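Structure record follows, encoded as structure tokens.
Letters A, B, ... mirror the listed sequences (proteins, then strands); counts begin at 1. This is a predicted model, so every value here is computed, not measured.
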Amino acid sequence: MAKITLEDVDYVAGLAHLTLNPETREAMARDLGSILEYIDQLERLDTSGVEPMMHVLDVTNVYREDTVGESLSQEDAFKNAPKTDGEYFLVPKILDGE
Amino acid sequence: MEYEPVIGLEVHVEINSRSKVFCACLNNFHSPPNSNVCPVCLGMPGVLPVLNVAMVDASMAVGLALNCTISRWSKMDRKHYFYPDLAKSYQISQYDLPLCHDGYLDIEVDGASKRVGITRAHMEEDTARNTHTIGGGISGVDFNRCGVPLLEIVTEPDIFSADEAFAYLTALKQILEYLNVSDCNMEEGSLRAEPNISVRPKGSTTLGVKTEVKNVASFSGVRKAIEFEIKRQVKALDSGEAVVQETRGWDADRGITVSQRVKESAHDYRYFPDPDLMPVVVDDAWEERIRQSLPELPQARKRRFREDLDLSEYDAGVVGMTKDLADYFDAAVVAGAPAKQAANWITGEILATLAERKSDITACKMKPEALASMIGLIGDGTISGTIAKELLPDLIESGGDPKAIVEERGLVQISDSAELEELAQAIIRDHPGPAQEFRDGNKKAIGFLVGQAMKATKGKGNPKLINQILTDALSQE
Ligand SMILES: [Zn+2]
């Protein structure tokens with residue numbers, strides 16, 4: 001049986017940059033746990049003759065031709081930017097490498 | 001204890017399609033910052049990325065050139081992480097079903113052939129470029145690079161020395177250039193190589209703990225970084241310390257790698273299939289079309305130059321170095337130039353002249369047909385090799401028909417015996433010393449005298465004939 005601990009919730013929330021209050025934290029553990037339980041149920045099915053579904057849509061090979069279209073003006077590009085110098089989006093200094 | 005290194009390489013190649021991989025923005029390194037951006041590559045909510053078919057074609061071409069299996073069915077996935085170079089907080093990449101897998105590249109190291117396994121080559125998007133030179137606790141982000149098509153090529157841990165890594169990278173770059181799928185410019189970041197390195201006791205079959213080295217800006221940098229890492233890890237193990245699995249940055253100025261403290265969870269990417277992008281299904285016909293479009297690849301071409309055209313190993317290597325150079329050589333041969341002579345001119349005077357100008361064969365105005373014609377003029381005695389050498393810089397710079405130029409400038413070789421006999425007498429008179437040496441049995445002294453005669457005719461004398469006449473004159477006395 002899948003069991004989601006509060007530590008699991010904290011870990012996943014951390015990865016998603018989410019801050020959860022104590023009640024939400026508990027609720028998340030419960031909800032995620034029951035979702036995984038449901039998955040466990042599905043896993044009990046015999047799927048040996050079923051092709052795995054790799055993608056939710058039944059459509060393949062959708063492409064665009066390699067042609068250049070119009071981009072935004074710099075003015076428009078920066079419209080939503082919290083901070084810009086007109087050339088770059090400005091963010092707090094990045095310390096790590098990459 | 002004796003250790004042996006085990007090395008794998010990850011290479012990121014920016015594909016030189018006209019537009020980006022998921023939007024129609026221009027794919028150009030040199031545009032002003034944030035001028036090739038749109039809602040898709042800026043990661044705005046609600047947009048729909050659509051895969052550029054040129055990326056699939058180019059990736060398949062690379063995969064086939066690297067002897068990979070092309071997946072009949074592959075998909076795009078989201079790789080999640082937070083970083084200012086990625087506005088939508090995930091990079092579109094391929095996770096468990098890459099387009100190309102299980103290939104190999106044969107390389108040559110110290111004259112021996114060696115096979116490096118290619119684990120996979122997968123399609124993804126490049127991320128934005130950060131600049132840290134703005135100051136004031138601020139970094140700038142340029143999204144022109146975000147969404148540039150990127151192919152990641154991953155090797156098996158089949159590489160056992162820094163030299164092998166260097167040879168692999170050189171051979172890979174050559175193939176990419178032959179395929180014309182990338183600029184392969186490491187300084188501009190269109191080719192990036194990240195080695196992962198571990199060491200293990202010699203003879204052991206298990207792998208040691210590996211480190212990955214980033215921020216290496218040249219192939220020689222990769223070589224140095226690997227050499228440094230091997231020494232560092234061996235030293236650590238010898239003194240009883242453990243090697244920590246981590247990412248290290250190459251500090252080219254200090255010649256060392258430095259630990260990049262990254263949270264472990266930062267590598268939990270939570271991949272899942274991107275529902276915005278439809279699976280890539282390649283049938284036999286598509287694969288075959290790409291296979292047919294592949295040019296003759298470097299190894300095959302070099303072999304042909306050696307075996308069919310009888311070039312030396314060295315000449316075949318130099319002439320086949322780049323596709324442009326090999327095309328030039330082939331065209332000269334087709335135009336009638338004897339292969340060996342064409343190779344000699346290309347590997348010698350032509351490349352030297354171009355190198356002096358920090359230029360390459362693409363800037364050479366002398367057409368391959370003109371090279372063939374010039375070699376023909378030497379062959380039929382119209383001009384001497386000396387004159388040809390003199391003509392060459394002009395031909396390379398301005399082009400033109402060698403025959404017309406030779407006639408126009410009056411450079412036709414002097415093969416008039418009477419004129420040359422008169423000259424020979426004058427040379428002997430003016431240089432009694434060397435003349436006497438020759439008479440005394442030093443046959444090499446003739447070289448100096450021939451040189452003087454060539455100088456006197458400004459290179460137009462027929463050197464063979466002059467040699468003959470001088471030898472006759474000195475022997476008859
Ligand atoms: Zn765009």
Side-chain angles (χ1 to χ4, degrees), chain A residues 4-5 7-20 28 32 35-36 39 50-98, chain B residues 17-19 22-27 32-39 41-42 44 50-56 73 75 80 82-85 87 89 97 127-128 130-132 134 136-143 214-215 247 249 258 260-262 265 268 270 273 275 277-282:
Chain A
I4 291 286
T5 65
E7 285 71 44
D8 293 333
V9 172
D10 290 343
Y11 177 74
V12 176
L15 286 178
H17 282 203
L18 293 174
T19 313
L20 303 178
M28 279 291 171
L32 290 175
I35 290 169
L36 286 186
I39 300 291
V50 182
E51 227 179 280
M53 185 185 78
M54 305 287 195
H55 200 273
V56 289
L57 293 177
D58 206 16
V59 182
T60 60
N61 287 349
V62 177
Y63 303 110
R64 38 175 293 275
E65 290 303 312
D66 184 22
T67 47
V68 177
E70 233 176 292
S71 294
L72 293 175
S73 66
Q74 275 186 330
E75 196 193 350
D76 281 344
F78 290 130
K79 250 180 193 162
N80 292 332
K83 210 170 173 198
T84 168
D85 60 0
E87 267 198 302
Y88 293 97
F89 291 86
L90 300 182
V91 298
K93 191 162 178 90
I94 303 153
L95 291 174
D96 272 333
E98 267 187 90
Chain B
S17 56
R18 284 180 288 271
S19 61
F22 299 120
C23 63
C25 287
L26 182 69
N27 174 14
N34 291 300
S35 58
N36 304 327
V37 296
C38 74
C41 54
L42 284 173
M44 301 282 182
V50 184
L51 181 56
N52 184 343
V53 72
M55 174 55 171
V56 188
W73 203 100
K75 63 178 166 66
H80 299 82
F82 289 101
Y83 202 71
D85 65 3
S89 298
L97 296 169
T127 57
N130 299 314
T131 154
H132 307 298
I134 291 174
I138 296 278
S139 293
V141 189
D142 173 11
F143 280 85
K214 297 202 172 198
N215 309 335
T247 301
V258 184
Q260 293 185 333
R261 257 145 278 163
V262 183
S265 62
D268 189 341
R270 293 149 294 145
L277 289 147
M278 299 310 118
V280 176
V281 179
V282 178

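A search for ring pair (Phe, Tyr, Trp, His ring centres under 6.0 Å) contacts involving A/Y88 returns nothing, not counting sequence neighbours.
In the displayed structure, B/M278 atom CE is contacted under 6.0 Å by more than 12 heavy atoms of other residues, nucleotides or ligands.
Counting heavy-atom pairs closer than 4.5 Å to chain A, the top residue among B/C38, B/P279, B/G140 is B/P279. Residue with the most contacts toward chain A among B/A54, B/P275, B/G249: B/P275 (heavy-atom pairs, distance under 4.5 Å). Among A/S73, A/A16, A/A81, the residue with the largest count of heavy-atom pairs under 4.5 Å with chain B is A/A16. Interface remark: of the candidates B/L42, B/V37, B/V282, B/D142, B/V37 forms the most heavy-atom pairs closer than 4.5 Å to chain A.
Side chain of A/H55 to main chain of B/L277: a donor-acceptor pair is present (N/O by atom type, distance under 3.5 Å, no hydrogens or angles). Checked by atom type and distance alone, the side chain of B/R18 pairs as donor or acceptor with a backbone atom of A/D66 at under 3.5 Å. Although no hydrogens or angles enter the test, the distance criterion places a donor-acceptor pair under 3.5 Å between the side chain of A/K93 and the main chain of B/H132. The backbone N or O of B/P33 sits less than 3.5 Å from a side-chain atom of A/Q74, completing a donor-acceptor pair. Under the 3.5 Å distance criterion, the side-chain polar atoms of A/R64 are left unmatched by any main-chain donor or acceptor of B/V53.
For chain B, no part of A/D76 is nearby; none of its heavy atoms comes within less than 4.5 Å. Of the two parts of B/V258, neither the backbone nor the side chain holds a non-hydrogen atom closer than 4.5 Å to a non-hydrogen atom of chain A. Contacts between B/C41 and chain A at a heavy-atom distance below 4.5 Å are absent for every atom of the residue. For B/P84, the part lying under 4.5 angstrom from a heavy atom of chain A is the side chain only. Contact annotation for A/D58: neither backbone nor side-chain heavy atoms come within less than 4.5 Å of a heavy atom of chain B. For B/M44, the part lying under 4.5 angstrom from a heavy atom of chain A is the side chain only.
Interatomic distance, B/N34 CG to A/T84 OG1, rounded to the nearest 0.5 Å: 7.5 Å. The OG atom of B/S35 sits 10.0 Å away from the CD atom of A/E87 when rounded to the nearest 0.5 Å. In this structure, SG on B/C25 lies 7.0 Å from CG on A/L72, to the nearest 0.5 angstrom. In this structure, OG1 on B/T131 lies 9.5 Å from CG on A/L90, to the nearest 0.5 angstrom. Note that OG of B/S19 is 9.5 Å distant from CD of A/E65, once rounded to the nearest 0.5 Å.
Residues B/N36 and A/S71 bring no donor and acceptor atom of their side chains to less than 3.5 Å of each other.
Considering every non-hydrogen atom in both A/L15 and B/F82, the closest pair reads O-CE1, 2.9 Å.
Under the 30°/60° scheme for interplanar angles, the aromatic rings of A/F89 and B/F143 are found to stand perpendicular.
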